[in-house]
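Notes follow the structure.
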Amino acid sequence: MNMLGKKIAGLLIVLSVSVAVTAQTTDESKVLAKIRAEGFQNSKIMPAVEELTDFYGPRLTASPNLKKAQRWIVDLMNSWGIENSRIEPWGEFGNGWTLKESSFEMIAPTYDRLNAIPLAWSPSIEGTVTGEPMLVSISGPSDFDKYRGKLKGKIVFSGSEPSFDRFAAPGKRIDEKGLEKAVSAVEPTAPGIDGDRSVEYREEDADWQAYLAQKQKVIDFLRYEGVAVLVQPSAFPYGIVRAAGFYNTDPQKNLPAFVIGREQFGRVSRLLSKGKAVDLKVSLKTDFSADKTGYNVIGELVGSDPKLKDQLVMIGGHFDSWHGGTGAADNGANCIVMLEALRILKTVGVKPRRTIRVGLWSGEEQDYFGSYNYVKKNFGDPKTGEKKPGHSLLSAYFNLDNGGGKIRGIFSQGNEQAADIFRNYFARFSNLDADTVTILNTGGTDHMVFDGIGLPGFQFIQDPLDYNTRVHHSNMDVFESLEEGDLKQNAVIVASIVYLTAMRDEMIPRE
């Protein structure tokens with residue numbers, strides 16, 4: 001071939017590549033446009049979230065409520081065309097727990113029905129407990145000696161009213177300054193958008209286990225001393241009760257315990273500190289269920305590319321919740337968003353090259369139990385670093401679990417190569433104020449176990465709204481805490497990100 005022929009051949013190659021890239025880009029743009037149209041104009045999110053939260057209610061891990069909701073969510077997934085939808089056991093958790101009846105009243109100096117929520121896994125009270133409460137201050141074993149032999153049969157008030165800024169807005173969006181700070185970060189463990197420093201999985205787990213061990217020592221002491229009822233103040237003001245539970249599900253290792261409104265806790269504490277007589281009446285009936293197995297819900301859109309269909313793009317969030325509210329913002333709505341993302345892809349006719357799989361985990365509120373055991377079984381053990389053959393098949397895991405606010409971008413968990421890919425992804429959402437990509441880590445939810453075994457596991461950046469001031473783990477975590485427009489946007493973004501990731505020639509790079 002002469003020089004002219006070589007030049008013509010080279011030009012034809014360039015043109016053919018250019019045409020192929022243009023065609024691919026055009027097809028991609030068409031799909032993304034269809035995703036937006038379906039997600040914003042034909043959303044199925046709100047009716048599903050309403051059914052989940054109003055009818056099935058709180059979904060405490062291993063509880064009958066959770067299991068009923070899991071069976072319902074599988075039926076919903078099937079109706080939306082999500083394939084291979086199923087409930088998978090992940091191992092032994094412990095006793096389920098159900099609140100049957102409770103009452104917390106002040107009889108003197110005046111009558112008041114106190115706004116109280118029992119801690120999950122509290123045992124029942126036989127009959128009622130009545131009497132004058134006692135103020136104590138116990139933070140650890142160093143405080144035990146001053147109370148030995150003095151607590152038997154007592155209603156113990158422990159703690160103090162948390163302070164709060166009355167003039168701070170309870171709900172907010174992340175402002176440009178906060179987003180710019182995240183974008184400019186160069187160290188993954190630097191203080192994040194909320195000012196907290198994020199840690200790696202093993203450090204986070206070690207801190208959590210140390211906290212639980214210290215807390216259990218205090219509970220063991222109070223139980224040994226014969227305390228009748230433990231009472232603590234809510235972390236939130238204005239009568240909102242933020243209550244979680246014991247982290248041991250054995251009723252023999254717990255005691256009846258309540259969280260009450262901080263203002264009512266304050267009133268009782270002030271009366272007692274002034275030597276005024278206070279008379280309380282408390283009752284509690286709970287039920288511990290026998291099935292100690294924990295379950296996750298799994299579903300997928302099966303991949304179509306013969307070479308890539310065994311590879312996975314995963315999305316998920318935790319399906320369990322605490323019992324004070326109905327688990328709307330934490331984390332029922334986000335679970336429905338993930339399913340809606342798959343419904344959108346199915347509806348617009350996407351045939352993903354890789355398999356897209358959703359995991360709705362349980363046991364997250366206790367210690368990532370559902371996602372940890374799933375990862376351990378399929379990919380490797382984040383605690384030991386031992387990997388399974390399936391480790392090489394996961395492209396990425398995307399998690400949604402920071403309340404009901406809209407997605408503003410993504411934490412790349414120190415993965416610079418992934419961050420570069422995500423900048424291209426999220427540039428498409430600048431008109432939705434959702435184009436922030438940061439190198440920062442974030443913790444506190446299920447992506448951590450994926451990241452802990454060296455997999456690309458990511459959490460989206462979300463507007464907090466009033467999640468951290470009124471909703472998180474409280475009796476205000478209900479349907480009314482949600483923003484419909486935010487949830488629709490989230491489903492569109494998740495569907496788009498998942499589509500782009502499932503269709504790439506290459507997997508998302510490892511850290």
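Numbers for residues simply follow the sequence, beginning at 1. Since this is a predicted model, take the numbers as computed values, not measurements.
- We find the CD1-CZ distance between Ile508 and Phe398 to be 5.5 Å, quoted to the nearest 0.5 Å.
- Not one N or O on the side chain of Asn115 forms a donor-acceptor pair closer than 3.5 Å with the backbone of Gly261.
- In this structure, CG in Leu114 is found 4.5 Å from CD in Gln264, a value given to the nearest 0.5 Å.
- Lys34 is not listed as a side-chain neighbour of Thr347, based on a closest heavy-atom distance of 4.5 Å or more.
- With rounding to the nearest 0.5 Å, the separation of CD1 in Ile45 from CD in Glu50 is 13.5 Å.
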Inset, instruction - Determine, step by step, whether Asp451 and Glu200 satisfy the side chain to side chain contact (heavy atoms under 4.5 Å, CB included) criterion, reporting the C-alpha distance in whole Å, the side-chain angles of both residues, the deciding distance to 0.1 Å, and the verdict. - result: CA-CA 8 Å; Asp451 186 67; Glu200 303 295 339; 3.7 Å; yes
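- Inter-residue side-chain proximity for Asp205 and Asp367 is flagged as met; some heavy-atom pair is nearer than 4.5 Å.
- Heavy-atom contacts from other residues, nucleotides or ligands closer than 6.0 Å to NZ of Lys285 number 12 or fewer.
- Summarising the local packing, CD of Glu386 is surrounded by 12 or fewer heavy atoms from other residues, nucleotides or ligands at distances under 6.0 Å.
- Using a distance-only test at 3.5 Å, with no hydrogens or angles considered, no donor-acceptor pair links the side chain of Lys376 to the main chain of Pro382.
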Legend entry - Trace of the side chain to side chain contact (heavy atoms under 4.5 Å, CB included) decision for Asn402 with Ile461: CA-CA 8 Å; Asn402 280 153; Ile461 302 169; over 6 Å; no
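- The side-chain heavy atoms of Glu28 and Tyr499, taken from C-beta on, include a pair separated by under 4.5 Å.
- Ring-centre distance between Trp208 and Tyr368: not below the 6.0 Å cut-off.
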Inset, instruction - Evaluate the side-chain hydrogen bond (donor to acceptor under 3.5 Å, both in side chains) criterion for residues Ser103 and Arg113: first the C-alpha distance (whole Å), next the side-chain angles of each, then the deciding distance (0.1 Å), finally the verdict. - result: CA-CA 8 Å; Ser103 177; Arg113 179 174 287 276; 3.2 Å; yes
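- A 4.5 Å side-chain heavy-atom check between Glu51 and Leu76 finds every atom pair outside the cut-off.
- Contact of the Val350 side chain with the Ile344 side chain is not registered, since no non-hydrogen atoms from C-beta on lie closer than 4.5 Å.
- Closest heavy-atom contact between Ile439 and Glu416: CD1-CD, 3.5 Å.
- The main-chain N or O of Pro509 is found under 3.5 Å from a side-chain atom of Asn415 such that the two form a donor-acceptor pair.
- Of the possible polar contacts, none joining the Asp477 side chain to the Gly324 backbone as a donor-acceptor pair under 3.5 Å is found.
- In this structure, CE on Met448 lies 11.5 Å from CD on Glu364, to the nearest 0.5 angstrom.
- Here Asp291 pairs with Lys67 in a salt bridge; the nearest charged N to carboxylate O distance falls below 4.0 Å.
- Proximity of a side-chain donor or acceptor of Ser395 to a complementary backbone N or O of Met507 within less than 3.5 Å is not detected.
- Taking the six-membered ring where the residue is Trp, Phe379 and Phe450 present tilted rings, their angle falling between 30° and 60°.
- Between Tyr201 and Tyr372, the ring-plane angle classifies as parallel under the 30° and 60° cut-offs.
- Judged purely by atom type and a 3.5 angstrom limit, Glu88 has no side-chain atom pairing as donor or acceptor with the backbone of Ile298.
- Within 6.0 Å of CZ on Phe55 lie no more than 12 heavy atoms contributed by other residues, nucleotides or ligands.
- The number of heavy-atom neighbours closer than 6.0 Å to NZ of Lys387, taken from other residues, nucleotides and ligands shown, is above 12.
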Legend entry - CA sep, side-chain torsions, deciding dist, call: Leu119, Gln232, side chain to side chain contact (heavy atoms under 4.5 Å, CB included): CA-CA 10 Å; Leu119 293 185; Gln232 299 170 318; 4.0 Å; yes
Inset, instruction - Using the side-chain hydrogen bond (donor to acceptor under 3.5 Å, both in side chains) rule, take Thr445 and Gln459 through it: C-alpha gap first, then chi angles, then the decisive distance, then the call. - result: CA-CA 8 Å; Thr445 193; Gln459 167 76 11; 5.0 Å; no
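- When all heavy atoms of His323 and Ala244 are compared, the closest pair comes out as CE1-O, 2.9 Å.
- Between the Gln462 side chain and the Gly405 main chain, a donor and an acceptor come within less than 3.5 Å of each other.
- Remark: Lys172 NZ is loosely packed, at most 12 non-hydrogen atoms of other residues, nucleotides or ligands lying under 6.0 Å away.
- By the neighbour-count criterion of 12 heavy atoms within 6.0 Å, atom NZ of Lys383 is densely surrounded, having more than that number from other residues, nucleotides or ligands.
- The shortest non-hydrogen separation linking Val49 to Leu482 is CG1-CD1, 3.4 Å.
- Under the 3.5 Å distance criterion, the side-chain polar atoms of Glu483 are left unmatched by any main-chain donor or acceptor of Gly404.
- Between Glu38 and Val348, the shortest heavy-atom distance links the atoms CB-CG1, 4.0 Å.
- For the pair Val31 and Met503, the minimum side-chain heavy-atom distance is 4.5 Å or more.
- A salt bridge is defined here as a Lys NZ or Arg NE, NH1 or NH2 lying under 4.0 Å from an Asp or Glu carboxylate O, and Arg343 with Glu340 meets this definition.
- Using cut-offs of 30° and 60° for the angle between ring planes, the Phe429 and Phe426 rings count as perpendicular.
- Classified by interplanar angle (parallel below 30°, tilted 30° to 60°, perpendicular above 60°), the ring pair His472/Tyr467 is tilted.
- Of the residues Asn296, Thr61, Asp330, Asn334, the one that meets the side chain to side chain donor-acceptor pair (under 3.5 Å) test with His318 is Asp330.
- In this structure the side chain of Ser63 never reaches within 4.5 angstrom of the side chain of Trp97, judged on heavy atoms.
- The CG atom of Leu400 sits 8.5 Å away from the SG atom of Cys335 when rounded to the nearest 0.5 Å.
- Ile193 CD1 to Asp175 CG: the interatomic distance, rounded to the nearest 0.5 Å, is 9.5 Å.
- Put simply, the side chain of His447 gets close to the backbone of Thr442: a donor and an acceptor are under 3.5 Å apart.
- Summarising the geometry of Ile35 relative to Val492, their closest heavy-atom pair is CG2-O, 3.7 Å, with the distance given to 0.1 Å.
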Inset, instruction - Test Trp80 against Ser85 for side-chain hydrogen bond (donor to acceptor under 3.5 Å, both in side chains), laying out the working first. - result: CA-CA 10 Å; Trp80 284 2; Ser85 301; over 6 Å; no
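- Considering Lys406, Arg173, Arg408 in turn, Arg173 is the only one that fulfils the salt bridge (charged side-chain N to carboxylate O under 4.0 Å, His left out) rule with Asp486.
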Inset, instruction - Start with the C-alpha gap between Asn399 and Phe460, add the side-chain angles, then the distance that decides, and say whether side chain to side chain contact (heavy atoms under 4.5 Å, CB included) holds. - result: CA-CA 7 Å; Asn399 196 78; Phe460 293 102; over 6 Å; no
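- Checked by atom type and distance alone, the side chain of Arg59 never pairs as donor or acceptor with a backbone atom of Ala69 at under 3.5 Å.
- Taking the six-membered ring where the residue is Trp, the centroids of Tyr238 and Phe164 are separated by under 6.0 Å.
- When all heavy atoms of Trp121 and Asn248 are compared, the pair lying nearest together is CB-O, 4.0 Å.
- Looking only at side-chain heavy atoms (C-beta outward), Thr98 and Asn65 stay at 4.5 Å or farther from each other.
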